[in-house]
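The next block holds one structure in the form of structure tokens; read it before the comments.
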Amino acid sequence: QICSCDPWWEEERYTDGSKWRFLEHKGPVFAPPYEPLPDKVKFYYDGKPMKLSAPAEEVATFFAKMLDHEYTTKDIFRKNFFKDWRKEMTSEEKSKITDLNKCNFAEMNEYFKAQSEARKQMSKEEKQKIKEENERLLQEYGFCIMDNHKERIGNFRIEPPGLFRGRGDHPKMGMLKRRIRPEDIIINCSKDSKQPKPPPGTKWKEVRHDNKVTWLASWTENIQGSIKYIMLNPSSRIKGEKDWQKYETARRLKKCVDHIRTQYRDDWKSKEMRIRQRAVALYFIDKLALRAGNEKEEGETADTVGCCSLRVEHIKLYPKMDDQEYVVEFDFLGKDSIRYYNKIPVEKRVFKNLQLFLENKQPEDDLFDRLNTSILNKHLQELMDGLTAKVFRTYNASITLQQQLKELTCPDDSIPAKILSYNRANRAVAILCNHQRAPPKTFEKSMQNLQTKIDEKQNQLSAARKQLKAAKAEHKASHDDKSKKAVEVKRKAVHRIEEQLMKLQVQATDREENKQIALGTSKLNYLDPRISVAWCKKWGIPIEKIYNKTQREKFAWAIDMAEKDYEF
DNA sequence: TTTGCGACTTGACATGACCTAC
DNA sequence: GTAGGTCATGTCAAGTCGCAAA
């Protein structure tokens with residue numbers, strides 16, 4: 001029997017495909033029931049107040065809460081919302097409320113704004129009380145026992161009902177996400193565990209004991225009909241082990257990537273169209289870190305693509321552009337409808353192949369018509385055990401970080417300067433992976449504030465320098481101990497201010513360069529944490545400067561095991 | 001071979017907690 | 001103490017990929 005105080009990364013792993021032997025938990029926490037609006041808060045139809053039935057009112061509040069959001073101005077959103085809302089109405093309501101444009105939710109909207117304002121204005125004691133209640137819920141429902149460990153659950157609260165917020169041009173935006181009841185929930189736990197109890201008067205849909213999966217509970221959502229899960233926190237053994245394994249697979253790719261590259265370059269010359277397509281697609285995945293690009297059901301989701309699902313309309317070929325030859329311009333919407341735009345020169349063979357793939361095709365035709373992710377991944381599997389398209393993203397991200405850190409870290413730099421270098425290396429990866437963010441709403445202003453600080457510091461510095469100069473002159477004249485001391489004091493002051501100024505300037509540079517780039521995703525999902533840990537150890541950077549508390553918990557295994565000479 | 005489903009990872013954004021300058 | 005800003009944490013949508021059934 002394994003000692004429960006051992007960290008999981010020093011334990012044996014299961015080799016039979018099972019994920020656990022023992023699993024006990026208390027089940028999910030349900031969304032609080034709907035609280036009807038006070039009578040004074042009115043909904044108006046066609047200018048006249050109208051009392052809604054509770055179910056219709058609840059759905060109306062979902063819309064009312066979003067009035068300030070761009071969503072509610074979109075046609076599809078309004079149409080989908082109205083259709084689903086009407087399903088919740090009584091027949092009288094249905095016959096009366098026939099036009100969303102005649103609905104006035106303003107009072108409801110104001111009410112919710114006032115509520116959230118009131119929440120902010122609550123006294124310390126009230127806030128403390130809420131905090132304690134949350135803590136109690138976390139202690140009771142937020143943990144489970146998996147094998148010998150007490151583990152944190154990632155999402156123990158069931159998603160509350162609301163209006164579906166799809167990203168990009170989603171055909172289903174605005175649809176009603178219905179309330180999940182115990183009768184919708186499948187519980188997964190071990191037979192010999194104390195089973196979670198459903199709320200009084202209710203039943204679970206099913207209780208099963210499947211140790212080939214990692215989830216504790218699941219339900220089917222009503223928008224896409226997909227299954228949602230309650231799973232463990234990233235700090236858990238079950239997630240950590242998998243994460244570690246992912247980086248080990250990427251490291252194995254490192255060993256054979258040269259060979260794979262040689263092969264796909266060779267395949268550009270293949271007699272078979274499908275092989276050429278596969279080889280060009282793989283080149284893009286490798287060079288540009290594109291996602292695989294599964295097919296999607298048309299009309300069910302936003303129209304986005306990845307590598308294999310690229311269409312003719314998404315690329316443009318330029319035999320010559322400025323001083324470069326064979327340039328490919330990519331312009332498409334990727335995951336989450338984030339735009340990918342890139343112009344890159346490619347090798348002549350790739351270019352000629354692309355021209356060939358484009359022949360006699362319409363803009364909406366597939367670029368790689370003889371290829372899909374399943375074909376590609378089957379091929380990759382033959383090249384290396386466990387190799388799939390996404391391993392290239394992991395590999396290229398991690399190797400880029402390692403190489404950039406080597407290149408950018410100056411041994412003599414101060415700690416803040418070294419951290420800037422780290423962030424720059426991280427940024428190179430984020431750019432490679434196209435991890436974007438909307439510039440923070442307060443960006444311009446906070447940048448200005450920082451600049452003001454820098455200016456002030458600069459003034460301080462010149463003042464301090466003047467004082468130092470004066471002190472030196474004084475000392476030269478008097479040669480006494482007192483003036484000597486004064487010089488030292490002033491010198492130290494100048495030095496301190498210089499450092500402060502440097503720190504501010506570094507901060508400004510970092511922030512400016514980071515305006516539209518999101519570092520979090522790559523840090524959390526693509527960069528082998530051992531690279532960062534090793535870098536910290538090598539340069540004496542406290543790990544807290546790189547990883548916050550949550551991240552340190554997730555990467556505890558790496559922090560424990562990576563030494564300063566770790567090589568990805 | 002195609003399709004759909006299930007399980008899991010990845011992703012941007014919203015929200016809440018906390019910190020700092022006034 | 002508070003307003004404003006920043007950072008951590010939570011949310012939940014949207015991908016990837018394997019597998020089994022059609």
Side-chain angles (χ1 to χ4, degrees), chain A residues 19 66 69 116 119-121 123-124 127 130-131 134 138 142 154-160 162 164-168 170 172-173 177 186 188 210 212-215 218 220-221 223-234 238-239 242-243 245-246 285 291-297 300-302 304-309 333-338 372-378 380-381 386-394 397 430 433-438 440-443 445-447 449-450 452-453 507 511 516-518 520-526 547-554:
Chain A
K19 308 290 171 74
M66 291 178 73
H69 205 289
S116 90
R119 224 171 305 130
K120 273 184 220 153
Q121 298 301 326
S123 70
K124 255 211 174 109
K127 280 185 181 165
I130 291 174
K131 208 174 159 189
N134 277 331
L138 173 69
N155 56 326
F156 59 93
R157 288 169 198 274
I158 300 277
E159 295 173 15
F164 177 72
R165 296 150 97 117
R167 319 255 167 84
H170 198 116
K172 297 192 172 183
M173 63 167 75
K177 229 175 78 164
I186 301 173
N188 193 33
D210 181 359
K212 301 279 190 253
V213 298
T214 67
W215 52 268
S218 73
T220 303
E221 56 82 48
I223 305 288
Q224 316 277 0
S226 66
I227 308 169
K228 299 233 171 175
Y229 302 93
I230 287 182
M231 289 186 187
L232 298 193
N233 186 273
I238 205 112
K239 294 287 184 191
K242 199 80 186 295
D243 205 39
Q245 206 178 76
K246 172 181 78 185
I285 284 171
R291 295 187 186 82
N294 284 311
E295 304 94 298
K296 304 170 74 183
E297 222 178 321
E300 295 292 301
T301 58
T304 62
V305 298
C307 186
C308 294
S309 51
L333 297 182
K335 181 175 178 179
D336 292 323
S337 293
I338 297 291
N372 60 40
T373 54
S374 154
I375 295 170
L376 179 65
N377 280 334
K378 245 173 230 148
L380 293 176
Q381 183 58 236
L387 187 59
T388 63
K390 86 186 184 85
V391 179
F392 282 87
R393 245 168 108 81
T394 311
C433 293
N434 199 227
H435 291 142
Q436 299 187 24
R437 63 165 182 177
K441 285 187 194 77
T442 54
F443 185 82
K445 209 168 153 197
S446 80
M447 226 35 211
N449 289 347
L450 195 56
T452 316
K453 271 193 193 167
Q507 211 181 65
R511 203 181 290 176
Q516 306 203 58
I517 316 263
T521 303
S522 50
K523 207 178 203 177
L524 236 46
N525 299 299
Y526 288 104
Y547 291 136
N548 67 31
K549 185 165 136 301
T550 324
Q551 294 164 340
R552 291 198 299 278
E553 279 166 13
K554 168 166 175 167

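Letters A, B, ... mirror the listed sequences (proteins, then strands); counts begin at 1.
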Given protein heavy atoms under 4.0 Å, the one-letter contact record of nucleotides 14-22 of chain C, with B base, S sugar-phosphate only and - none, is simply BSBBS----
Of A:T394 and A:D210, the one whose closest nucleotide on DNA chain B sits nearer the 5' end is A:D210
Residue set satisfying side chain to side chain donor-acceptor pair (under 3.5 Å) with A:R167, at least two apart, ordered chain then number -> A:D336
A:I158 atom CD1 is separated from C:dA13 atom P, nearest whole Å, by 13 Å
So the contacted stretch of DNA chain B, first to last nucleotide with an atom under 4.0 Å from a non-hydrogen atom of chain A, runs from B:dG6 to B:dC18
Residue set satisfying side chain to side chain donor-acceptor pair (under 3.5 Å) with A:K554, at least two apart, ordered chain then number -> none
Test side chain to side chain contact (heavy atoms under 4.5 Å, CB included), reference A:T521, set A:R437, A:Q436, A:H435, output is A:H435
Those residues at least two apart in sequence (or on a different chain) that pass side chain to side chain donor-acceptor pair (under 3.5 Å) with A:D243 are A:K246
Whole-Å distance, A:L524 CG to C:dG10 P, equals 13 Å
To the nearest angstrom, the CG-C1' distance between A:L138 and C:dG10 comes to 12 Å
**Message:** What contact category does A:T214 fall into here, base, sugar-phosphate, or nothing, at under 4.0 angstrom with non-hydrogen atoms?
**Reply:** sugar-phosphate
Those residues at least two apart in sequence (or on a different chain) that pass salt bridge (Lys or Arg N to Asp or Glu O under 4.0 Å) with A:K335 are none
Review point. Heavy atoms under 4.0 Å, any strand shown: does A:K177 hit a base, just sugar-phosphate, or nothing?
Key: sugar-phosphate
For this session: Scan A:P234 against the nucleic acid and name what it touches under 4.0 Å (heavy atoms): base, sugar-phosphate only, or nothing.
Result: nothing
Across the strands shown, which category fits A:R119 at heavy-atom distances under 4.0 angstrom: base, sugar-phosphate, nothing?
nothing
Main chain of A:A389, side chain of A:N377: is a donor-acceptor contact present, judged purely on distance under 3.5 Å? yes
Closest to the 5' end of DNA chain B, once A:S522 and A:T220 are matched to their nearest nucleotides, is A:T220
The side chain to side chain donor-acceptor pair (under 3.5 Å) partners of A:E221 (sequence neighbours excluded) come to A:S226
A:C308 meets the side chain to side chain contact (heavy atoms under 4.5 Å, CB included) criterion, sequence neighbours left out, with A:L371, A:T373, A:L376
* To do: Scan A:Q436 against the nucleic acid and name what it touches under 4.0 Å (heavy atoms): base, sugar-phosphate only, or nothing.
  => sugar-phosphate
Taken in chain and number order and not counting sequence neighbours, the residues that satisfy side chain to side chain contact (heavy atoms under 4.5 Å, CB included) with A:S374 are A:N372, A:K378
What's A:I338 touching, base or sugar-phosphate or nothing? Going by heavy atoms closer than 4.0 Å.
sugar-phosphate
By salt bridge (Lys or Arg N to Asp or Glu O under 4.0 Å), A:K239 pairs with (sequence neighbours left out) none
Those residues at least two apart in sequence (or on a different chain) that pass salt bridge (Lys or Arg N to Asp or Glu O under 4.0 Å) with A:K549 are A:E553
Report each atom pair, protein N/O against N/O of nucleotides 4-7 of chain C, whose distance is under 3.5 angstrom.
from: C:dG5; atom 1: OP1; to: A:K445; atom 2: NZ; distance (Å): 2.7
from: C:dT6; atom 1: OP1; to: A:S446; atom 2: OG; distance (Å): 3.1
from: C:dT6; atom 1: OP1; to: A:R511; atom 2: NH1; distance (Å): 3.3
from: C:dT6; atom 1: OP2; to: A:T442; atom 2: OG1; distance (Å): 3.2

